[in-house]
Amino acid sequence: MSLQISERVRSLAARAQSELREQFDRIDAIAEVNTQKVLAAFQKHHVAESYFAGTTGYGYDDLGRDKLEEIYADIFGTEDALVRIGFVNGTHAISCALFGALKPGDILVSAVGAPYDTLLGVIGVVDKGPGSLKDYGIEYRQVELVNDAPDPEGLARAVQDPRVKAVLIQRSKGYSTRSSLSVEEIGALCAVVREHNPNAAILVDNCYGEFVEEQEPTQVGADLVVGSLIKNPGGGLAPTGGYLAGRKDLIEAASMRLTVPGIGRECGSTLGQNRALYQGLFLAPHTVAQAVKTAVFAAKMMELLGYATEPTSDMVRHDIIQMIHFGTPEPLKQFCKGIQFGAPVDSYVTPEPWDMPGYDCPVIMAAGAFIQGASIELSCDAPMRAPYTAYLQGGLTYESGKLGVMLAVEELLRSE
Ligand SMILES: *Cc1c(COP(=O)(O)O)cnc(C)c1O
């Protein structure tokens, strides 16, 4: 048995890989530093078989759950953390953080343009039903990008109002065209907020960024980081969930939104999933490196074929996302089809663009994952509008990610 990959694509792949040695060494070095961090935290907290047992029902006294939260806090360098399978996704975790940090009359500022699409309904920028921050009398302001880059002067002006109680910084680009922020850039934005409004809580949407660098935003001034467990920190094993790590008061307030005021973090059974969350976290630095290598490999392959990529294959990475600009709809669709054909699950289906809720144009999504929607697994999606850009991410192993990209290129070349 072997995959149908032509000599042309195989030799292109060999060339791409041979030219990436330096990049791969850099990525592996970061994985080693982060693995050390994780391993040290596991040892400090005496992780043992008994932590994996878990609870049912109310979930009182779930030792493994509570210890995992201490471990997350250590890894992110924070006072506290909340790591729960009860978060249905990253948006839910971010929403709890926002509702916890803000009260009626307060103002939320988004520091780098519009936030991720699903947060528009949470904030109330678009009406997606009742219960948004806006419905509760919380105002929203947004610092627009200047030439697709953060605007520190604009941020300084926006946060000066003492009613600004929370500032949201999104690390990854989402479906925007700006670059993802480095941890260093996030640190610079945090310094601006601190200087002009020391009372505002700085919340970072950390989705897709965890373990890509040696430091996390909470180590350069952020008060809280939030993310999804079916992305980087779940290591491909967490079946669902989200996390927050940061200041104790912000974690406590968010926990009251996850469950209810008065109960907060005391409840939340783990239903036998503690082991998956521990093992996933243990693997996460390595898994993230696999995804970053897959992204870099995809960039190099497409560059050799004459396509524009972002970031380019030689750039230092700040998240696991790879953009590929196709310019026209057909090659984009062919590429996504090929990614789907390369998946371990659902490889026999053909992705088609569809009108996804919350988007203003059809979106095509290729994913064949063990965990539904897990984008730490190889996946590719694209809004079907100019400049016809694919957003590729994930790859549980570099080998499988590489093969997926080779099959996508095969599909692309077949239709040329
Ligand atoms: C994935 C993601 C989210 C959360 O999305 P969910 O699908 O709700 O997990 C938020 N922000 C960014 C930048 C993301 O990439």
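Worth knowing before you read on, the calculation uses all heavy atoms, side chains too, and leaves out hydrogens, waters and symmetry mates. Keep in mind that what you see is a predicted model, and the values were worked out from it rather than measured. Read the numbers this way: they start at 1 and go in the same order the structure lists the ligands and their atoms.
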For the pair Glu303 (side chain) and Thr309 (backbone), establish whether a donor and an acceptor sit closer than 3.5 Å, ignoring hydrogens and angles.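 No, Glu303 side chain to Thr309 backbone: no donor-acceptor pair under 3.5 Å.
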Is the shortest side-chain N to carboxylate O distance from Arg26 to Asp314 below 4.0 Å?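 So Arg26 does not pair with Asp314 through a salt bridge.
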Below 4.0 angstrom, N of the basic side chain to O of the carboxylate: do Asp66 and Arg265 qualify? no
Restricting to pairs with a member in residues 213-268, which pass ring-ring contact (aromatic ring centres under 6.0 Å, His included), not counting sequence neighbours?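 Sorted pair list: Tyr72-Tyr243, Phe76-Tyr243.
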Is any N or O atom of Lys231, backbone or side chain, closer than 3.5 Å to an N or O atom of ligand 1?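 Between Lys231 and ligand 1 (N or O atoms, distance only) the closest approach is under 3.5 Å.
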Test of proximity, Gly90 against ligand 1: N or O pairs below 3.5 Å: yes
Nearest protein heavy atom with distance in Å, relative to atom 8 (O) of ligand 1: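 Sorting protein heavy atoms by distance from atom 8 (O) of ligand 1 puts Thr91 OG1, 2.5 Å first.
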Just let me know how Lys173 lines up against ligand 1, side chain, backbone, both or neither, with a heavy-atom cut-off below 4.0 Å. neither
Quick one: look at Asp205 and ligand 1, take heavy-atom pairs under 4.0 Å, and tell me if it's side chain, backbone, both or neither. side chain
Taking the six-membered ring for Trp, are Phe42 and Phe282 parallel (under 30°), tilted (30 to 60°) or perpendicular (over 60°)?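 Rings of Phe42 and Phe282: tilted, 30 to 60°.
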Which of these, Gln393, Gln170, His92, has its nearest heavy atom closest to atom 13 (C) of ligand 1? Gln170
What pairs of donor and acceptor atoms, side-chain ones from residues 90-105 against any protein atom, are under 3.5 angstrom apart with sequence neighbours left out?
unit_1, atom_1, unit_2, atom_2, d
Thr91, OG1, Thr118, OG1, 2.8
His92, ND1, Val88, N, 3.0

Residue Tyr208 vicinity, atoms of ligand 1 by number, heavy atom under 4.0 Å: 15 (O)
Go through ligand 1 atom by atom and flag the ones less than 4.0 Å from a non-hydrogen atom of Asn89.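 Near Asn89, meaning under 4.0 Å from one of its heavy atoms, ligand 1 has 6 (P), 8 (O), 9 (O).
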